[in-house]
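Proteins get letters first, then strands, A, B, ... in listed order; numbering begins at 1 in each.
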2 protein chains.
Amino acid sequence: MARAVSETHGEILAAAARRFAVTGYRGTSLQDIAREVGCSKATVLYHFANKEALLAELMAPAIGVLRDLDDQLAGRTGTAAQELAAAGFVDLAVRFRREIAVLRGEFPELLCQPAFAHIQEISDRLRDALAGHSDRPGARIAALVLLAGISEACAEFADIPDDELRAALLALVRRAVEPVDAP
Amino acid sequence: MARAVSETHGEILAAAARRFAVTGYRGTSLQDIAREVGCSKATVLYHFANKEALLAELMAPAIGVLRDLDDQLAGRTGTAAQELAAAGFVDLAVRFRREIAVLRGEFPELLCQPAFAHIQEISDRLRDALAGHSDRPGARIAALVLLAGISEACAEFADIPDDELRAALLALVRRAVEPVDAP
DNA sequence: CTACTTTCTGACCGATCGGTCAGGGTCTGA
DNA sequence: TCAGACCCTGACCGATCGGTCAGAAAGTAG
């Protein structure tokens, strides 16, 4: 009972997104995904070269937006960098809540995979921008707390509407970020 | 070549703490721990009933302090609750950085284990206190962002002295927490 | 009809996981 | 001297993991 072309492909992708978000990448087996779709594990591996490729396709849109943000951030300094980093990351985290949830806690290992090359550097630059490119420990610590906390909050508050969550997070960041010294 | 009583026990505990903090609970095998200690996997399971018991003994001190904080928090309201929750959790997170790192991202599954019963409720109460027992979404979101972010920051900034990290985190929390409405 | 492609599957593979077990070495007290 | 407690280990177990493969089923083009 072969289905229409690429229909199963999308179903597998959707099922994987749901499972990964709940039980994590390592905590979800190909068998789990196949069961949710209603096909065999071999079918999953017919549509995707391997488990890693499945994850890579799942994260691609979010990573694209992150790269765009990184490009826009290049060259900006001080308050302008802080503002863009805050607004850009909050928006990204709210829109890609599920993708963010997938990475929860598995960051270090997943970053070793070629599909996620440079993500570590990009998020380092993002953190640096949110700190206003300051090297004061207080500013760097605040930036990390906020970025990590926002990720966690977006993964957790799945029931809050986008607008409301975005507004609350932005207000929090503006309150919490260490102001840059006037030049 | 049997060693002195309980010497190996402590070495296994220390090795497990190190490995768990880096690669997580699920990402660390008993074989990994045994290799780091320089003994066999069977020896690890001679000293600890199972992998879960090893984790439980590792987390016991941190959990004890968390319970104490929860007790002190009971009954307090408004600003007093916020202050104590902030100071108490920041101190706990800084002191037990490694234990906090272990739980990174594996919270939901680990909480199912009997050794961690009620931890979820305690951290819910802690979050509620930090939000000043307010039900405004902004306050609840800020509290979650801060608690999660602090955990992440403590796990990441292993090189910063306790005092400095604690001061920076406390300053951040005081800036970021939504003030409670005056009664 | 036949020949070919696409989709899908059960059976199987090697590796690794947490955990068990019988037994060997060493120390100690009677 | 010798029995027993303590510490430790190699060999092994069943389960599960990601991944492979030959081939069945169904649609399509000639």
**Report entry** Row check, A/Tyr25 ring normal vs A/Lys51 NZ/CZ: under 6.0 Å, within 45°
**Finding:** yes
Interatomic distance, [X] [atom1] vs [N] [atom2] [rounded to whole Å]:
X       : N      : atom1 : atom2 : value
B/Leu55 : C/dG18 : CG    : P     : 12 Å
B/Arg26 : D/dT16 : CZ    : P     : 15 Å
A/Ile33 : D/dT16 : CD1   : P     : 17 Å
B/Phe48 : D/dC7  : CZ    : C1'   : 14 Å

Query raised in the report: If you look at every strand shown and take non-hydrogen atoms under 4.0 Å, does A/Thr43 touch a base, only sugar-phosphate, or nothing?
Result: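 Touches a base.
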Query raised in the report: Does a side-chain N-to-carboxylate-O contact under 4.0 Å join A/Asp163 and A/Arg166?
Result: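 A salt bridge links A/Asp163 with A/Arg166.
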Query - Secondary-structure stems, DNA chain D, at least 3 Watson-Crick or G-U base pairs under 3.5 Å - result: C:1-30 with D:1-30
Query raised in the report: Does a side chain donor of either A/Asp124 or A/Gln120 reach within less than 3.5 Å of an acceptor in the other side chain?
Result: yes
Just the atom pairs and distances: protein N or O near nucleotides 19-22 of chain C's N or O, under 3.5 Å.
residue, atom, partner, partner atom, Å
C/dG19, OP2, B/Lys51, N, 2.8
C/dG19, N7, B/Lys41, NZ, 3.3
C/dG19, O6, B/Lys41, NZ, 2.7

Query raised in the report: Do B/His47 and B/Glu57 pass the side-chain hydrogen bond (donor to acceptor under 3.5 Å, both in side chains) test, and can you show the C-alpha distance, the side-chain angles, and the key distance before you say yes or no?
Result: CA-CA 11 Å; B/His47 286 278; B/Glu57 191 168 322; over 6 Å; no
Requested in this report: Give a yes/no answer on whether the side chain of B/Tyr46 brings an N or O atom under 4.0 Å of OP1 or OP2 in D/dC7.
Outcome: yes
Taking distance alone, no hydrogens or angles, what donor-acceptor pairs closer than 3.5 Å link side-chain atoms of residues 138-156 of chain B to residues at least two apart or in another chain?
residue, atom, partner, partner atom, Å
B/Ser151, OG, B/Leu147, O, 3.0
B/Glu152, OE2, B/Arg104, NH1, 3.1
B/Glu156, OE2, A/Arg127, NH2, 3.1

